[in-house]
Chemist: 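Take this structure first; my questions come after.
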Amino acid sequence: MLSVWWDYKGILYFELLPQNQTINSNVYVQQLAKLSDAIQEKRPVLSNRKGIVFHHDNAKPHTSLITRQKLLELGWDVLSHPPYSTDLEPSDYHLFRSMQNSLNGKIFNNADDVRSHLIQFFDSKDQKFYERGILILPERWQNVIDKNGQYLIE
């Protein structure tokens, strides 16, 4: 399972979980701590001021008490996410769609091969790619509002 966080400049942090491991609140909180470290390293301007707006969906590990406490501790503003709105996840409509094309027909022998492919994929995208994925979010929010929460058909 892949967990990935990115902004308009590119990938901040990603983690490939060991086979058969799932994400629960404890795993997610550990990932958020690693993400915070990555932000301090890659975007020190953001980590030195209040200004991180964090977006994730409403999966149970994302909304648990321990996660909310961690986000409060980090001082991040959380962009609320309507229930059942996969249309509003930039990773779903932008990053993973492109990644799927790069994975078509690929067979990997082990997790290291997958990791190498992911690094190569992420590095192959320029900043404009990541900007487009983030900057289209307000338009997608408006489309969901205009369609009264119905799924967007593309």
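Here the structure is a predicted model, which is why all the values come from computation and not from measurement. Side chains included, hydrogens not; waters and symmetry mates left out as well; all remaining heavy atoms used.
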Chemist: How are the rings of Y28 and W5 set relative to one another: parallel (under 30°), tilted (30 to 60°) or perpendicular (over 60°)?
Modeler: tilted
Chemist: So do N104 and Q100 actually touch side chain to side chain, heavy atoms under 4.5 Å?
Modeler: yes
Chemist: Roughly how far apart are I107 CD1 and D113 CG, rounded to 0.5 Å?
Modeler: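 It is 11.5 Å, given to the nearest 0.5 Å.
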Chemist: Counting only heavy atoms not in Q21 (residues, nucleotides, ligands), do more than 12 fall under 6.0 Å from its CD?
Modeler: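 Buried by this count: over 12 neighbours within 6.0 Å.
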Chemist: About how many Å separate CD of Q120 and NZ of K125, when rounded to the nearest 0.5 Å?
Modeler: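 Rounded to the nearest 0.5 Å, the NZ-CD separation comes out at 11.5 Å.
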Chemist: Tell me whether K42 contacts the main-chain N or O of L12 through its side chain, where contact means a donor paired with an acceptor under 3.5 Å.
Modeler: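 Yes: the side chain of K42 pairs with the backbone of L12.
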Chemist: To the closest 0.5 Å, what do you measure between CG (D7) and CZ (R43)?
Modeler: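 Reported value, rounded in 0.5 Å steps: 4.0 Å.
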Chemist: Testing the basics here: between L74 and S36, what is the closest heavy-atom pair and its distance to 0.1 Å?
Modeler: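 That would be CD2-OG, 3.5 Å.
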Chemist: Between H117 and L103, is there a side-chain heavy-atom distance shorter than 4.5 Å?
Modeler: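 They are in contact (side-chain heavy atoms under 4.5 Å apart), so the answer is yes.
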Chemist: Under 3.5 Å, is there a donor on one side chain and an acceptor on the other for Q31 and S3?
Modeler: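 On atom types as modelled, these side chains qualify, holding a pair under 3.5 Å.
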Chemist: Does a side-chain heavy-atom distance below 4.5 Å link M1 with L16?
Modeler: no
Chemist: Give the C-alpha distance, both sets of side-chain angles, the deciding distance and a yes or no for side-chain hydrogen bond (donor to acceptor under 3.5 Å, both in side chains) between E131 and Q127.
Modeler: CA-CA 6 Å; E131 284 177 11; Q127 185 174 339; 3.0 Å; yes
Chemist: Considering non-hydrogen atoms only, spot the tightest contact between S64 and S25 and give its length.
Modeler: OG-OG, 2.8 Å
Chemist: If we only count heavy atoms from C-beta on, is the L135 to Y8 side-chain gap below 4.5 Å?
Modeler: no
Chemist: Using modelled atom types only, decide if a donor and an acceptor are shared between the side chain of S102 and the backbone of M99 within a distance under 3.5 Å.
Modeler: yes
Chemist: Is there a side-chain contact between Y130 and K9 (heavy atoms, below 4.5 Å)?
Modeler: no
Chemist: CD1 of I134 to CZ of F129: how many Å apart, nearest 0.5 Å?
Modeler: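 Rounded to the nearest 0.5 Å, the CD1-CZ separation comes out at 10.0 Å.
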Chemist: Would you tell me whether N26 and Q30 have side-chain atoms, one donor and one acceptor, within less than 3.5 Å of each other?
Modeler: no
Chemist: Treating D112 as the side-chain partner and R115 as the backbone partner, does any N or O pair qualify as donor plus acceptor under 3.5 Å?
Modeler: no
Chemist: Between V27 and L17, is any pair of side-chain heavy atoms under 4.5 Å apart?
Modeler: yes
Chemist: Can you list the steps and then say if H56 with V78 is a side-chain contact (heavy atoms from CB on, under 4.5 Å)?
Modeler: CA-CA 8 Å; H56 58 184; V78 178; 4.0 Å; yes
Chemist: Has T67 got a side-chain atom pairing as donor or acceptor with H62's backbone, closer than 3.5 angstrom?
Modeler: no
Chemist: Does S124 reach the main-chain N or O of F121 with its side chain, forming a donor-acceptor pair under 3.5 Å?
Modeler: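 Between the backbone of F121 and the side chain of S124 there is a qualifying donor-acceptor contact (under 3.5 Å).
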Chemist: Can you find a pair of side-chain heavy atoms, one from I39 and one from Y13, that are under 4.5 Å apart?
Modeler: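 No, side chains not in contact.
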Chemist: Does the side chain of L35 reach to within under 4.5 Å of the side chain of F14, using non-hydrogen atoms?
Modeler: no
Chemist: Is the F54 ring parallel, tilted or perpendicular to the W76 ring (thresholds 30°, 60°)?
Modeler: tilted
